[in-house]
J.: 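Quick one: the structure is below, and I'll ask about it shortly.
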Amino acid sequence: MLDIKMIRENTAEVIKKLNTRGDDFSYLYDVVKKDEKRREIIQKIDQLKAKRNEISKKVGKYKREGKDVSDILASIEDQKTKITTLQETLEGLDTFIQQQLLRTPNIPHKAIPIGKDEDENIELKKVGNLPHFNFEPKAHWDLAKTLDILDFERAAKIAASRFVIYKGLGARLERALINFMIDLHVEKHGYEELLLPYIVNGASMTASGQFPKFKDDAFALQDKRDLYLNPTAEVPAINLFRDEILKAEDLPKHYAAFTTAFRQESGSAGRDTRGIIRLHQFNKVELIKFVKPEDSYEALEAMLADSEAVLKALNLPYRVIELCSGDIGFTMAKTYDIEVYLPSYETYREIGSISNAEDYQARRGNMRFKRDTDSKAEYIHTLNGSGLAVGRTVVAIMENYQLEDGSIVVPEVLRPYMKTDIIN
RNA sequence: GGAGGAAUACCCAAGUCUGGCUGAAGGGAUCGGUCUUGAAAACCGACAGGGCGUGUGAGCGUCGCGGGGGUUCGAAUCCCUCUUCCUCCGCCA
């Protein structure tokens, strides 16, 4: 959430910056106008309340002294309705302003490329060598069929389309990757491991930025407690310190969390219908950082390096993309995407995304820290990134490590976890 | 699922029956000081935090006793509702 005071003072500039996302944010002029009205009403209400408090005190005093209070009571007869009416107006304004702020995205960082969509993203670097096959490489779903390690038909029978069953060494590969990634981030990169709830409430979805705008993409539970299936570990993890004030020495906090993520993919009907690129349920290792404002961009670069380390260790070719203003996520000021090379697509596909939300999520979730016991609480900065999407890593390994006979070489670092060097 | 109990400032805890002098006693912790070669102890002093509004500022106003709502001139205190935690019973990986 953006700071209303900041919007108030720099309305035109804020709108101009937000517009680089490709939408029209001029409705903020109206929000500022409503905010002005709101402050006027608060002043009136506070004055009336001050008077009321004064009188009530007097009533108490008089009663104790046994004096008559009926005159005083008569004199404030209409105060109550005045306050009530003003308060109703205020509530309406508050709700309106809050709604508008909640659906307003973060301001893109000033240094990111301006562009309208993904075509204007910038490729920062390519790492690793593309595989050379002296045969026609197969897509992962074809490889999986021969190896009998993925079952889409029965998953659809049990659940629905866009679900999968991993079998045998396929299941083990997924599990091996989860363990490898977590171990790497915990042992080598200094993150603390978390196992989080797979169900989150509406307040958590709002704080992290999923709600209200992306409500359709969540699986809502039929439960009166306003619960949803976790769409990404970012949601439960970012909410760890919601409505808390941390001490300066508590920061930074670095967490690595494995979760299963659930998404409706309602806007992607018909896309990536084959294979395990896009499912309703998938596994992901997520990196989350809570840092002091002045440290967040350094932390972003470090997190990118930590994500890249996974691909480097697996020896998979990838590239890093800097997203342009029109393509960055709703809550984010700056985002890098990591894309892995997939032979069957003959192109790079997203396998991870590393972003700095600055204080946007902290403001939504009221997450702050104090530099000293008597200094003012400041909003922390939050970052999150993939470390990586596990299913898509399975795809990348299958396709890049395939042999002519359809068997798959297990990457060196996974062999201790896989207890085999080949899947066949 | 059933029956009870609880939630007060960093922590513990009084106040709630009987609404007003409680914008919240007391203790601990913490911070500052006295004493001491130094430390401990003892003693003295400080100690809601935060949101909102307003003001150049010191400040002032408002909200605030788990969250939300209500009654009242006035609510920590009365009423409704939600949440969380605890105890016992039942069921259960």
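Side-chain atoms are counted along with the backbone in the values below, which use heavy atoms only and exclude waters and symmetry mates. All chains are named by letter (A, B, ...) in the order of the sequence lines, taking the proteins before the strands, and each is independently numbered beginning at 1.
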J.: So with a 6.0 Å cut-off around CD of A:E120, is the heavy-atom count from everything else above 12?
T.: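 Yes, the 6.0 Å shell around CD holds more than 12 heavy atoms from other groups.
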J.: Could you give the CD-to-P distance, from A:E88 to B:G70, as a whole number of Å?
T.: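 Taking atom P of B:G70 as the reference, CD of A:E88 is at 9 Å.
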J.: For B:C88, which nucleotide in any strand shown is its Watson-Crick or wobble partner with both distances under 3.5 Å?
T.: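 B:C88 is paired, partner B:G2.
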J.: Output the rounded distance in Å from CD (A:Q98) to P (B:C52).
T.: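 Distance, rounded to whole Å: 12 Å.
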J.: Please state how far atom CZ in A:R364 lies from atom C1' in B:G51, giving the value in whole angstrom units.
T.: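 The answer, rounded to whole Å, is 19 Å.
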J.: Give me the distance, rounded to whole Å, that separates B:U8 from B:C85 when you measure between the C1' atoms they each carry.
T.: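 B:U8 and B:C85 have their C1' atoms separated by 15 Å.
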J.: Using the test side-chain contact (heavy atoms from CB on, under 4.5 Å), find all partners of A:Q100 that sit at least two apart in sequence or belong to another chain.
T.: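 With sequence neighbours excluded, A:Q100 shows a side-chain contact (heavy atoms from CB on, under 4.5 Å) to A:Y27, A:V31, A:F96, A:R103, given in chain and number order.
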J.: Could you tell me how far apart A:D226 (CG) and B:G68 (C1') are, to the nearest whole angstrom?
T.: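 So the CG-C1' distance, A:D226 to B:G68, works out to 15 Å.
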J.: Could you give the distance separating B:U87 and B:C35 at their C1' atoms, to the nearest angstrom?
T.: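 Per the computed distance, 50 Å lies between those C1' atoms.
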J.: Paired with B:C43 by Watson-Crick or G-U wobble geometry, both distances under 3.5 Å: which nucleotide is it?
T.: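 Result: B:G33.
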J.: Distance check, P atoms only: B:U83 and B:G26, in whole angstrom units.
T.: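 Approximately 37 Å lies between the P atom of B:U83 and that of B:G26.
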J.: Establish, from distance only, whether the side-chain atoms of A:K284 and A:S386 form a donor-acceptor pair under 3.5 Å.
T.: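 Distance-only check fails for A:K284 and A:S386.
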J.: Roughly how many Å is it from CZ in A:R363 to P in B:C52, rounded to a whole number?
T.: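 In whole Å, B:C52 P and A:R363 CZ are 10 Å from each other.
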J.: 5'-most contact on RNA chain B: A:E54 or A:I245, nearest heavy atom basis?
T.: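 Result: A:I245.
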J.: Does any residue of residues 37-48 of chain A have a heavy atom under 4.0 Å from RNA chain B, and if so, which ones, in number order?
T.: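 Close to the strand are A:R38, A:R39, A:I42, A:Q43, A:D46.
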J.: Calculate the interatomic distance between A:R242 atom CZ and B:G51 atom C1'; express it in whole Å.
T.: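 Between C1' of B:G51 and CZ of A:R242: 17 Å.
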J.: Do A:M367 and A:I238 have side-chain heavy atoms sitting under 4.5 Å apart?
T.: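 They are in side-chain contact.
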J.: Find which nucleotide of RNA chain B each of A:I55 and A:K49 is nearest to by heavy atoms, and output the residue with the more 5' nucleotide.
T.: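 Its nearest nucleotide being more 5', the pick is A:K49.
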J.: For B:A14, which nucleotide is its Watson-Crick or G-U wobble mate, given both distances must be under 3.5 Å?
T.: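 Per the H-bond distance test, none.
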J.: Between B:U62 atom P and A:Q87 atom CD, what is the distance in whole Å?
T.: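 Nearest whole value for this atom pair: 13 Å.
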J.: Between the side chains of A:Y297 and A:D295, is a donor N or O closer than 3.5 angstrom to an acceptor N or O?
T.: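 No, no side-chain donor-acceptor contact under 3.5 Å.
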J.: If I pick the C1' atom on B:U37 and the same atom on B:G45, what distance separates them, to the nearest angstrom?
T.: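 After rounding to an integer number of Å, I get 26 Å for this pair.
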J.: What distance, rounded to whole Å, do you find between the two P atoms, one in B:G28 and one in B:C91?
T.: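 These two P atoms come out 48 Å apart once rounded.
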J.: Whole angstrom is fine here: how far is it from CD in A:E378 over to P in B:G51?
T.: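 About 12 Å, once rounded to whole Å.
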J.: Please determine, for B:A58, whether a Watson-Crick or G-U wobble partner exists with both distances under 3.5 Å, and give it or none.
T.: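 Base partner found: none.
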J.: Can you check the distance between B:G66 and B:A13, where both ends of the measurement are the P atom (answer in whole Å)?
T.: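 Here B:G66 and B:A13 have their P atoms 14 Å from each other.
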J.: What residues, two or more places apart in sequence or in another chain, satisfy salt bridge (Lys or Arg N to Asp or Glu O under 4.0 Å) together with A:D306?
T.: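 For A:D306, no residue satisfies salt bridge (Lys or Arg N to Asp or Glu O under 4.0 Å) once neighbours in sequence are set aside.
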J.: With a non-hydrogen cut-off below 4.0 angstrom, is A:K51 in contact with a base, only sugar-phosphate, or nothing?
T.: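 Touches nothing.
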J.: Look at the side chain of A:H381 and the backbone N and O of A:K292, then say whether any donor-acceptor pair between them is shorter than 3.5 Å.
T.: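 No, the answer is negative, given that no donor and acceptor are paired below the 3.5 Å cut-off.
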J.: The side chain of A:K370 is closest to which nucleotide in this list: B:C73, B:G50, B:U83?
T.: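 So the side chain of A:K370 is nearest to B:G50.
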J.: Indicate, with a heavy-atom threshold strictly under 4.0 Å, whether A:R8 touches base, sugar-phosphate, or nothing.
T.: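 Counting heavy atoms under 4.0 Å across all strands, the contact made by A:R8 is with sugar-phosphate only.
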J.: Who pairs with A:E249 by salt bridge (Lys or Arg N to Asp or Glu O under 4.0 Å), at least two apart in sequence or on another chain?
T.: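 Once residues adjacent in sequence are excluded, A:E249 has no partner under the salt bridge (Lys or Arg N to Asp or Glu O under 4.0 Å) criterion.
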J.: Would you please name every residue forming a side-chain contact (heavy atoms from CB on, under 4.5 Å) with A:A203, sequence neighbours left out?
T.: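 Applying side-chain contact (heavy atoms from CB on, under 4.5 Å) to A:A203 gives A:N201, A:R242.
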J.: Whether the A:E399 and A:S344 side chains hold a donor-acceptor pair (N or O, under 3.5 Å, no angle test) is what I'd like checked.
T.: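 Their side chains do contain a donor-acceptor pair, which is all the 3.5 Å distance test asks for.
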J.: Just the table, please: protein N/O against nucleotides 74-79 of chain B N/O, every pair under 3.5 Å.
T.:
unit_1: B:G74; atom_1: O4'; unit_2: A:S56; atom_2: OG; d: 3.0

J.: Could you tell me if the ring centre of A:F290 sits under 6.0 Å from that of A:F369?
T.: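 Not close enough - the centres of the two rings lie 6.0 Å or further apart.
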J.: For B:C73, which nucleotide is its Watson-Crick or G-U wobble mate, given both distances must be under 3.5 Å?
T.: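 Paired with B:G20.
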J.: Using the P atom as the point on both nucleotides, what is the distance between B:G27 and B:U34, in whole Å?
T.: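 B:U34 and B:G27 have their P atoms separated by 23 Å.
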J.: Could you identify the nucleotide paired to B:C65, looking across every strand shown and requiring Watson-Crick or G-U wobble geometry with both distances under 3.5 Å?
T.: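 For B:C65, the partner nucleotide comes out as none, under the 3.5 Å rule.
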J.: Using the P atom as the reference point in each nucleotide, state the distance between B:G61 and B:U72 in Å, no decimals.
T.: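 So the two P atoms sit 27 Å from each other.
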